[in-house]
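For reference, the structure discussed in these notes is given below.
When a ligand or atom number is given, it counts from 1 through the structure's own listing order.
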Amino acid sequence: MIKELSVKTSSQVELIDITHMVEKVVSESKTKSGICTVYVPHTTAGITINENADPSVREDIIKELNKIIPFDDNYSHLEGNSAAHIKATVVGSSETVLIEDRRLVLGTWQGIYFCEFDGPRTRKVIVKIVEG
Ligand code: ZN
């Protein structure tokens with residue numbers, strides 16, 4: 001099964017915890033065991049899994065990404081959002097999580113994050129579940 005979610009971002013660069021949204025899709029699918037892929041069909045956004053306990057981890061990730069990939073650096077791309085494209089490539093556009101006992105197999109401190117790099121916008125997240 002496949003499900004499309006909508007995520008509304010409110011900053012230019014932002015990490016949003018979407019774990020609960022993905023858990024809901026898994027729960028509604030009634031999949032006992034399988035694989036869940038979370039994918040963004042965008043060139044300036046990404047998906048990552050990281051710590052969900054201390055919000056300062058998110059802030060540090062954003063701070064360091066902005067440092068190593070500056071907003072302006074004589075980029076060639078005329079649209080002016082090359083930094084966002086590069087960040088999206090560094091982070092990647094999907095994550096795969098196992099499903100067991102109708103739940104996502106995530107570590108205690110792990111959350112699934114939608115990564116906005118060229119917001120604010122309304123974005124799509126596609127969740128595909130394969131039973132097995
Ligand atoms: Zn662009």
Side-chain angles (χ1 to χ4, degrees):
M1 68 151 293
I2 195 161
K3 174 103 181 174
E4 188 179 300
L5 305 172
S6 180
V7 177
K8 203 171 178 340
T9 64
S10 54
S11 303
Q12 185 178 15
V13 179
E14 184 179 11
L15 266 60
I16 298 172
D17 190 341
I18 59 165
T19 312
H20 59 288
M21 297 169 80
V22 181
E23 289 270 20
K24 190 165 176 266
V25 175
V26 171
S27 160
E28 285 171 0
S29 78
K30 306 207 184 306
T31 303
K32 195 176 173 334
S33 176
I35 287 172
C36 174
T37 296
V38 184
Y39 172 78
V40 284
H42 300 290
T43 60
T44 55
I47 293 286
T48 194
I49 293 175
N50 216 300
E51 171 161 337
N52 62 4
D54 182 359
S56 63
V57 171
R58 259 186 280 181
E59 290 165 25
D60 286 345
I61 290 170
I62 290 168
K63 190 178 104 187
E64 290 304 303
L65 281 174
N66 287 340
K67 197 191 288 179
I68 60 174
I69 306 159
F71 289 101
D72 296 304
D73 197 16
N74 273 325
Y75 298 120
S76 301
H77 181 47
L78 292 174
E79 201 188 1
N81 62 352
S82 271
H85 288 293
I86 297 165
K87 285 170 189 163
T89 280
V90 168
V91 164
S93 57
S94 71
E95 288 284 358
T96 299
V97 185
L98 302 180
I99 300 167
E100 279 308 329
D101 298 322
R102 302 179 198 280
R103 301 207 56 198
L104 291 169
V105 182
L106 287 168
T108 310
W109 311 115
Q110 284 184 315
I112 303 168
Y113 288 93
F114 176 87
C115 308
E116 175 62 82
F117 296 124
D118 196 23
R121 299 187 194 212
T122 299
R123 302 289 207 166
K124 288 177 191 168
V125 175
I126 295 167
V127 179
K128 170 80 181 175
I129 293 172
V130 178
E131 200 162 6

So, applying side-chain hydrogen bond (donor to acceptor under 3.5 Å, both in side chains) with T44, which one of H85, E79, R123 is it?
R123
Are D118 and N81 close enough that a side-chain donor and a side-chain acceptor fall under 3.5 Å?
yes
Any cation-pi pair here, K8 with F114, using under 6.0 Å and within 45°?
no
Relative to the Zn ion (ligand 1), which of the N, O or S atoms in E79 is the closest?
OE1
Strictly under 2.8 Å, is the Zn ion (ligand 1) approached by any N, O or S atom of S82?
no
Test of geometry: compute the angle NE2(H77)-the Zn ion (ligand 1)-NE2(H85) and round it to 10°.
100°
R103, CZ: over 12 other non-hydrogen atoms inside 6.0 angstrom
no
